[in-house]
Q: 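Sharing a structure, written as structure tokens. Questions coming.
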Protein chains: 2
Amino acid sequence: MLSKKTKYAIHALTYLAKSSRQTPVIIREIAQEYCIPQKFLESILLELKKAGFLGSKIGKGGGYYLTKDPKKIKMAHILRMFNGPIALLPCVSLNYYESCAECVDEKQCGLHKMALEVRDAALKILLNKSLGDIVAFEELESC
Amino acid sequence: MLSKKTKYAIHALTYLAKSSRQTPVIIREIAQEYCIPQKFLESILLELKKAGFLGSKIGKGGGYYLTKDPKKIKMAHILRMFNGPIALLPCVSLNYYESCAECVDEKQCGLHKMALEVRDAALKILLNKSLGDIVAFEELESC
DNA sequence: TATAAAATCTATAGAATTACTAGACTTTTA
DNA sequence: TAAAAGTCTAGTAATTCTATAGATTTTATA
């Protein structure tokens, strides 16, 4: 299951992507919109900034804004950042690989094979789903 | 990611499915095979028994044994028992459904839609994968 | 140039979940 | 009747997740 942190991050990104304003959006506004503890959200937005998804402007009139085209922000990337591996097992994780201590040969492990299939199926969707897709769907449906 | 408990449960089931013995298998033997804390494994096997996957024989010469055909034990079932929901969000979980507090209409939620796609893809695999498949794969490969 | 508004930084506390342990009890077999 | 096995109740330890506190820095503007 996605952690609260992950959901908060996605909500914030969605909000920023939908904001058609030219001025940056302040943390408090996003926090209030989704009932996110403000201090918690601060650290999330900072992480997103350091990862290159957001830019910020300090001081009065400041706030956060997207620096990337929402279509270029893959959901797989966001999930990995905040939720850790997409895979069910470390031994099939592309980004967080670890071998299993008890496993002699991964190629012979039935559980490994199963986890591989699940990972491939999930990844196929998550790599092709962007923040832009999420937003576009919501704006389409609300008509 | 699968919890240790889940992996322990799967290992134990796999071991029992592979055991061609006519006598029950004792906890200690399984625990040693996979370096699982014995007391922890005891509670896991008890859960599996209460869920109808295992039978047990008490007293000297006792132990645990499978009561179902491995082909009839769906991995989706085991994962849900020990690892909780397969879905990424409670609002798309078939067995652990909960609505999101912040969500006005699930049908309009882009994240909901994404989670639904991932769940369907994962479930398609996990419902069609049985303990028997896991074991068969391992016995095939080891030739 | 003082003030207010905003992000940034460091540190820590609290809550929840996961993993594991201890020990007494019951049942069965030889 | 003794040893070997599962069963039951309770609790502890470790880890991860969530949240908070407070000081600092930067910037706009009155």
Side-chain angles (χ1 to χ4, degrees), chain A residues 1-12 16 21-32 34-51 53-67 79 81-85 88 90 96 98 101-102, chain B residues 1-12 16 21-32 34-51 53-67 79 81-85 88 90 96 98 101-102:
Chain A
M1 302 273 277
L2 299 184
S3 65
K4 285 193 179 183
K5 195 174 181 184
T6 307
K7 287 198 264 182
Y8 292 163
I10 296 173
H11 282 144
L16 289 172
R21 249 176 291 162
Q22 293 309 308
T23 55
V25 177
I26 65 174
I27 299 175
R28 182 159 30 82
E29 183 180 331
I30 305 175
Q32 283 176 352
Y34 299 103
C35 295
I36 304 173
Q38 182 165 338
K39 280 285 181 181
F40 197 25
L41 182 59
E42 283 179 16
S43 67
I44 293 168
L45 295 180
L46 215 46
E47 265 192 82
L48 284 167
K49 183 192 169 186
K50 284 174 182 164
F53 295 108
L54 301 182
S56 65
K57 194 178 168 218
I58 259 177
K60 198 168 186 176
Y64 282 97
Y65 49 89
L66 275 180
T67 50
L79 258 59
M81 260 186 78
F82 292 101
N83 216 60
L88 291 178
Y96 299 84
E98 266 181 57
E102 69 273 22
Chain B
M1 302 275 274
L2 300 185
S3 66
K4 285 191 177 185
K5 195 175 181 181
T6 307
K7 287 197 264 182
Y8 292 163
I10 296 172
H11 282 144
L16 290 172
R21 249 175 291 163
Q22 293 308 308
T23 55
V25 178
I26 64 173
I27 298 175
R28 183 158 30 83
E29 184 180 330
I30 305 173
Q32 284 176 351
Y34 298 103
C35 295
I36 305 172
Q38 182 164 338
K39 279 286 180 182
F40 196 25
L41 182 57
E42 283 180 17
S43 68
I44 292 168
L45 295 180
L46 215 47
E47 264 193 82
L48 284 167
K49 183 192 170 185
K50 284 176 181 162
F53 295 108
L54 300 182
S56 67
K57 194 178 167 218
I58 257 178
K60 200 168 182 176
Y64 282 98
Y65 48 89
L66 275 181
T67 50
L79 258 58
M81 259 186 79
F82 292 100
N83 217 61
L88 292 178
Y96 300 84
E98 267 180 58
E102 68 274 25

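All chains are named by letter (A, B, ...) in the order of the sequence lines, taking the proteins before the strands, and each is independently numbered beginning at 1.
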Q: Does L88(A) reach the side chain of M1(B), with side-chain heavy atoms less than 4.5 Å apart?
A: no
Q: Consider the side chain of K60(A), meaning its heavy atoms from C-beta on, and name the nucleotide among dT28(C), dA5(C), dA7(C) that approaches it most closely.
A: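 When the side chain of K60(A) is considered, dA5(C) is the closest of dT28(C), dA5(C), dA7(C).
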Q: Just the rounded figure in Å: distance from P of dG22(D) to CD of E42(A).
A: 14 Å
Q: Calculate the interatomic distance between F40(B) atom CZ and dG11(D) atom P; express it in whole Å.
A: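 Checked: the CZ to P distance equals 19 Å.
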Q: Find the distance R28(B):CZ to dA4(D):C1' and express it as a whole number of Å.
A: 9 Å
Q: Given atom CD1 of I27(B) and atom P of dC20(C), what is their separation to the nearest angstrom?
A: 16 Å
Q: Between K5(A) and E47(A), does any side-chain N to carboxylate O distance fall below 4.0 Å?
A: yes
Q: Please tell me whether Y8(B) and Y34(B) form a close aromatic pair, meaning their ring centres lie under 6.0 Å apart.
A: no
Q: Can you name the one residue among I26(B), I27(B), V25(B) that meets side chain to side chain contact (heavy atoms under 4.5 Å, CB included) with Y64(B)?
A: I27(B)
Q: Just checking K7(B): base, sugar-phosphate only, or nothing, at a heavy-atom cut-off of under 4.0 Å?
A: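 Contact class for K7(B): none.
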Q: Taking the side chain of P37(A) as heavy atoms from C-beta outward, which of dT28(C), dT26(D), dA19(D) is closest to it?
A: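 Output: dA19(D).
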Q: Would you say F82(B) and K7(B) make side-chain contact, with heavy atoms under 4.5 Å?
A: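 Side chain of F82(B) against side chain of K7(B), heavy atoms only: no contact under 4.5 Å found.
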Q: Are L46(B) and L54(B) close enough that some pair of their side-chain heavy atoms sits under 4.5 Å apart?
A: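 Not touching, per the 4.5 Å side-chain cut-off.
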Q: Send over the distance from Q32(A) CD to dA6(C) P, rounded to a whole Å.
A: 11 Å
Q: Between dA7(C), dC17(D), dA19(D), which one does the side chain of S3(A) approach most closely?
A: dC17(D)
Q: Need one value for L45(A): base, sugar-phosphate or nothing, where a base atom within 4.0 Å counts as base even if backbone is also close, heavy atoms only.
A: nothing
Q: Confirm from the modelled atom types if K39(B) and dG23(C) form a donor-acceptor pair under 3.5 Å, side chain to base only.
A: yes
Q: Using atom CD of Q38(B) as one end and atom C1' of dG23(C) as the other, report the distance to the nearest whole Å.
A: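 After rounding, the reported distance stands at 14 Å.
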Q: Of the nucleotides dT27(D), dC8(D), dC9(C), which one has an atom closest to the side chain of L46(A)?
A: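 Closest nucleotide to the L46(A) side chain: dC9(C).
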Q: Using whole Å, what does the distance between atom C1' of nucleotide dT16(D) and atom NZ of K5(A) come to?
A: 11 Å
Q: From C-beta outward on K4(B), which listed nucleotide comes closest to its side chain: dT27(D), dT7(D), dC20(C)?
A: dC20(C)
Q: Y64(B) OH to dT28(C) P: how many Å, rounded?
A: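 Between P of dT28(C) and OH of Y64(B): 14 Å.
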Q: Can a side chain N or O of K57(A) be found less than 4.0 Å away from OP1 or OP2 on dA28(D)?
A: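 It does, given that an N or O in the side chain of K57(A) lies less than 4.0 Å from OP1 or OP2 of dA28(D).
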Q: Using heavy atoms to find the nearest nucleotide of DNA chain D for G62(B) and G61(A) separately, return the residue whose nucleotide is more 5′.
A: G62(B)
Q: Nearest of dT7(D), dT20(D), dT28(C) to any side-chain atom of K49(B)?
A: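 Between dT7(D), dT20(D), dT28(C), the one nearest the side chain of K49(B) would be dT7(D).
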Q: With the side chain of S56(A) defined as its heavy atoms from C-beta on, choose the nearest nucleotide among dT27(C), dA7(C), dA19(C).
A: dA7(C)
Q: Among dA6(C), dT29(C), dC9(C), which nucleotide has an atom closest to any side-chain atom of I26(A)?
A: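 The nucleotide sitting nearest to the side chain is dA6(C).
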Q: Can you tell me if the side-chain N/O atoms of K50(B) get under 4.0 Å from OP1 or OP2 in dC8(D)?
A: yes
Q: Remember a base hit wins even if backbone is also touched, and classify Y8(A) as base, sugar-phosphate or nothing at under 4.0 Å, heavy atoms.
A: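 Since only primed, P, OP1 and OP2 atoms lie under 4.0 Å of Y8(A), the category is sugar-phosphate.
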